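All remarks here apply to the structure that follows.
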Amino acid sequence: HAGAGTAGNDLVCAALSALLRVLLLECDKHGGNAIQGDGYAIVNLHADSRPLLTGVCDAFKWMSKEYPDYVAFKCVDGG
């Protein structure tokens, strides 16, 4: 959980979880892979998924600026 609210009522956590699930669904559909842990995820997507990945990274960046005490992320372009 992001810690911005109680479990089940944390809007920051809910937003981040929804964004991550979009990426995980894309992995399932288009041959990517993902590793999830407590408070982190590493997602590798096919190059065809770049527009979606860019959009989700932009959303994570926005969330990290709006809620800096609860969100940290790193978007790395693996080339």
Side-chain angles (χ1 to χ4, degrees):
H1 298 285
T6 59
N9 293 303
D10 188 335
L11 295 179
V12 174
C13 182
L16 297 172
S17 294
L19 289 167
L20 179 59
R21 291 204 184 273
V22 167
L23 293 180
L24 296 177
L25 286 169
E26 187 73 6
C27 282
D28 286 345
K29 286 175 64 176
H30 299 288
N33 61 61
I35 300 169
Q36 299 177 71
D38 188 21
Y40 76 92
I42 300 169
V43 179
N44 296 297
L45 295 172
H46 189 275
D48 292 344
S49 301
R50 182 173 294 279
L52 177 65
L53 180 60
T54 298
V56 171
C57 281
D58 288 347
F60 268 93
K61 184 185 295 183
W62 178 82
M63 293 286 295
S64 70
K65 288 180 181 177
E66 288 289 312
Y67 302 98
D69 293 340
Y70 306 107
V71 181
F73 91 106
K74 183 176 187 179
C75 190
V76 178
D77 183 354

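Since the model is a prediction, treat every value here as computed from it, not as a measurement.
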Any donor and acceptor pair, going by atom type alone, linking the side chain of S17 with main-chain N or O of A14 inside 3.5 Å?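 No, because the side chain of S17 does not come within donor-acceptor range (under 3.5 Å) of the backbone of A14.
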Strictly distance-based, threshold 3.5 Å: is any side-chain N or O of T54 a donor or acceptor partner for the main-chain N or O of R50?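 Indeed, once roles are kept as given, a pair shorter than 3.5 Å links the two residues.
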Give the ring-plane orientation class for Y67 versus W62, where under 30° counts as parallel, over 60° as perpendicular and anything between as tilted.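 Rings of Y67 and W62: perpendicular, as their planes differ by over 60°.
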Quick one: CG on L52 to CD on E26, what's the gap to the nearest 0.5 Å?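 Going from CG on L52 over to CD on E26, the span is 5.0 Å.
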Rounded to the nearest 0.5 Å, how far does CZ of R21 lie from CG of D28?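 Interatomic distance, D28 CG to R21 CZ, rounded to 0.5 Å: 11.0 Å.
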For residues [X] and [Y], report the shortest heavy-atom separation together with the two atoms involved.
X   : Y   : answer
C57 : F73 : O-CZ, 3.6 Å
C27 : N44 : SG-O, 3.8 Å
H30 : H46 : O-CB, 3.6 Å
F60 : V71 : O-CG1, 4.2 Å

Quick check: do L24 and Q36 have side-chain heavy atoms less than 4.5 Å from each other?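 Yes, their side chains come closer than 4.5 Å.
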Check whether any side-chain heavy atom of N33 sits under 4.5 Å from a side-chain heavy atom of V43, and report yes or no.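 In short, these two side chains do not touch, never coming nearer than 4.5 Å.
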